[in-house]
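This is the structure, below, for whatever I ask next.
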Number of protein chains: 2
Amino acid sequence: MLDLFAGARLTPTQRRIAHCLVERAGTAAALSSAEVAELAGVSQPSVTRFAIALGYPGYPALRRALRDVGGGPADDGGEDNAMQVAIKAEAEHLQRLKEQLGSLDAVQKAANLLVASRPLPVLGLRAAAPLAGYFGYFASKVHPDVRVWDTGGTSLLDRLDQARVAGAGAMLALVLPRYPRESLEVVKEARAMGYAVVAITDSAVSPVAEDAAVVLPAAVGTRLVFDLHTGPMAMAMVLLQAMCDADPEPVQRRLEEFEAAAARRQLFQG
Amino acid sequence: MLDLFAGARLTPTQRRIAHCLVERAGTAAALSSAEVAELAGVSQPSVTRFAIALGYPGYPALRRALRDVGGGPADDGGEDNAMQVAIKAEAEHLQRLKEQLGSLDAVQKAANLLVASRPLPVLGLRAAAPLAGYFGYFASKVHPDVRVWDTGGTSLLDRLDQARVAGAGAMLALVLPRYPRESLEVVKEARAMGYAVVAITDSAVSPVAEDAAVVLPAAVGTRLVFDLHTGPMAMAMVLLQAMCDADPEPVQRRLEEFEAAAARRQLFQG
DNA sequence: CAGACTATGCATAAAAACTTTCAGAAGCCA
DNA sequence: TGGCTTCTGAAAGTTTTTATGCATAGTCTG
């Protein structure tokens, strides 16, 4: 299916269309050009032009191609390889996370604690370091002073002190298996210093649970050689969303400023 | 789907049409009335009349009904909040990724390119930087010389040079929306220098596609204020798994060494 | 066996979908 | 900045798809 689109140079509008079609893989062939246009938020002629850009004589031809490719496989009964088993398990984790988010109390409580903290330390060591960076990257766009702590060492405790003095009241801790000893120590120390610790971890009975003010559990995938952190990643972004919702006005302003700066510096393509 | 046809008293010709539609369940919605007629061996007006017999105002209405029943992922009813909608979409992305991994050709090709490269550069700028770090963190445990490039600037091109001289033959590029201009430039340059670039990106039509030797697409969630990268994260780990599979012996040895070291230094709890 | 009714396909009219043209807008390069 | 190219949507034009009238063949009933 994806190969159908390969090779062609596409305009931004066309990329939106492609994206929209890829997303609905199987059902795309059932859509008329006008319906695709509406879903992609573009004009109907753009859809025709998209088909032609791909080398088809027109939209109906593209649709036939979609039908032939998309309709084919659709085997959910069969033999899955190891990768598929792992990804399927991940999809189920997220499904469960979705159910769990039926009640947002814990998330909102955590969000309120974190938005109020200036600065806002984000702790994630070893395997969790990238997740801390990920959260920090986006959080910085809506919070004026996010501090990502992703390397260990004794200086961590100093930074904990400094942040506390600077006014930090809460901390986000990302603590995933295999639970780095150092992360646990920092959390314990933070609690002793009066921080309200929000912990994203892999289960409600994780070792950080006892020292955390709020525990946000999200399962970790363990079917491959290395752990898959999609659940905690999703949880982190849900938390960030809740932080934005909790404090919408400054968020919107900061995002607009970022957009303006990005455009000015031509950071992105498309 | 089958219920759609229930209740109505059908003529023999109409029964043939119904049978034909049921047989092609999923793809039926993509067919025009004339195509259905041909498949069923009846005249086109009979198909229209069939739709009317079922109580629809015309064939297009039947087609829409077919699409909604056959295509839809069967929503479980309730009112979902924004977070749940987003997580659900993520779960569906992973589901689709799972289908896509039914064929591992692209992943294996990518894995073979990457395991053979020493050093192995991993590029991920801006929002993709944490993902690069994540991949790099684990990849380092099974590959002797992984170099994570997660900050931009002109020195990137120098490092590209140095790695090439040092023997790198391939590079992993993580390029996600909004497609940092700098990432695209580096990939283009890398290709010109003879690197085989493996790109993990959000769709097969991403701007990196044209310069990549292998494109591994994985959808990005866009339902929240900020993007959710669970799909690319999962894809990255699948790729790493494939790299381990491609070269199992040294992998096992390095992992054991890591375990021994971790135990010695008491890195983890539990 | 005749008359009446239903079912079906053909031809064609109506409607919808698709393509093309054109003009405005946005980005690029000097 | 200003001219140039490229992209995009609105509207008009063209083709395809769908609906309907009509004639024929088959079937049931008396």
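Convention: sequence-line order gives letters A, B, ...; per-chain numbering from 1. Given the structure is predicted, the values throughout are model-derived calculations rather than measurements.
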Worksheet entry | Partners passing side chain to side chain donor-acceptor pair (under 3.5 Å) against B:Arg16 (at least two apart in sequence or in another chain) |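 B:Arg16: no side chain to side chain donor-acceptor pair (under 3.5 Å) contacts found.
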Discussion item. Without decimals, in angstroms, what is the distance between B:Glu38 CD and D:dT18 P?
Written reply: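 My rounded result for the distance is 14 Å.
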Worksheet item: Are more than 12 heavy atoms from other residues, nucleotides or ligands located less than 6.0 Å from atom CD of A:Glu92?
Response: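 Yes.
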Discussion item. Checking the side chain of B:Ser117 only, and the main-chain atoms of B:Gly169 only, is there a donor and an acceptor separated by less than 3.5 Å?
Written reply: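 Judged by distance alone, yes, a pair lies under 3.5 Å.
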Discussion item. Looking at A:Gln44, I want to see if its CD is surrounded by more than 12 non-hydrogen atoms of other residues, nucleotides or ligands under 6.0 Å.
Written reply: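 Result for CD/A:Gln44: enclosed.
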Set out, line by line, the N/O atom pairs under 3.5 Å between protein and nucleotides 15-19 of chain C.
from: C:dC18; atom 1: OP2; to: A:Ser33; atom 2: N; distance (Å): 2.8
from: C:dC18; atom 1: OP2; to: A:Ser33; atom 2: OG; distance (Å): 2.6
from: C:dT19; atom 1: OP1; to: A:Tyr59; atom 2: N; distance (Å): 3.0
from: C:dT19; atom 1: OP2; to: A:Thr48; atom 2: OG1; distance (Å): 2.8
from: C:dT19; atom 1: OP2; to: A:Tyr59; atom 2: N; distance (Å): 3.1
from: C:dT19; atom 1: O4; to: A:Gln44; atom 2: OE1; distance (Å): 3.4

Fill in: Nearest non-hydrogen partners of A:Leu31 and A:Tyr59, listed with the distance
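Taking A:Leu31 first and A:Tyr59 second, the nearest heavy atoms are O-OH, 2.7 Å.
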Item to complete: Take the protein atom CZ of B:Arg16 and the nucleotide atom C1' of C:dT8, then report the distance between them rounded to whole Å.
Response: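 Result: 12 Å.
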Worksheet entry | Side-chain donor/acceptor of B:Glu90 to backbone N/O of A:Thr230, under 3.5 Å |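 Answer holds: no.
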Item to complete: Kindly confirm or rule out a cation-pi arrangement of B:Arg164 over B:Tyr195, judged by NZ or CZ under 6.0 Å from the six-membered ring centre and within 45° of its axis?
Response: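 B:Arg164 over B:Tyr195 ring: yes.
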Identify each atom pair where a protein N or O and an N or O of nucleotides 3-7 of chain D are less than 3.5 Å apart, giving names and distance.
none

Fill in: Helical bend (five base pairs per end, nearest 10°) for the helix from C:dC1-D:dG30 to C:dA30-D:dT1
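Computed from the C1' atoms at both ends, the axes differ by 30°.
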Discussion item. Is it true that, when you exclude B:Arg159 itself, more than 12 heavy atoms of the residues, nucleotides or ligands shown sit nearer than 6.0 Å to its CZ?
Written reply: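 Enclosed.
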Practice prompt. List for me each residue that meets salt bridge (charged side-chain N to carboxylate O under 4.0 Å, His left out) alongside B:Arg49, sequence neighbours excluded, and say none if there are none.
Written response: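 B:Arg49 satisfies salt bridge (charged side-chain N to carboxylate O under 4.0 Å, His left out) with no other residue.
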Worksheet item: Partners of A:Glu35 by salt bridge (charged side-chain N to carboxylate O under 4.0 Å, His left out), sequence neighbours excluded?
Response: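 A:Glu35 satisfies salt bridge (charged side-chain N to carboxylate O under 4.0 Å, His left out) with B:Arg67 once adjacent residues are dropped.
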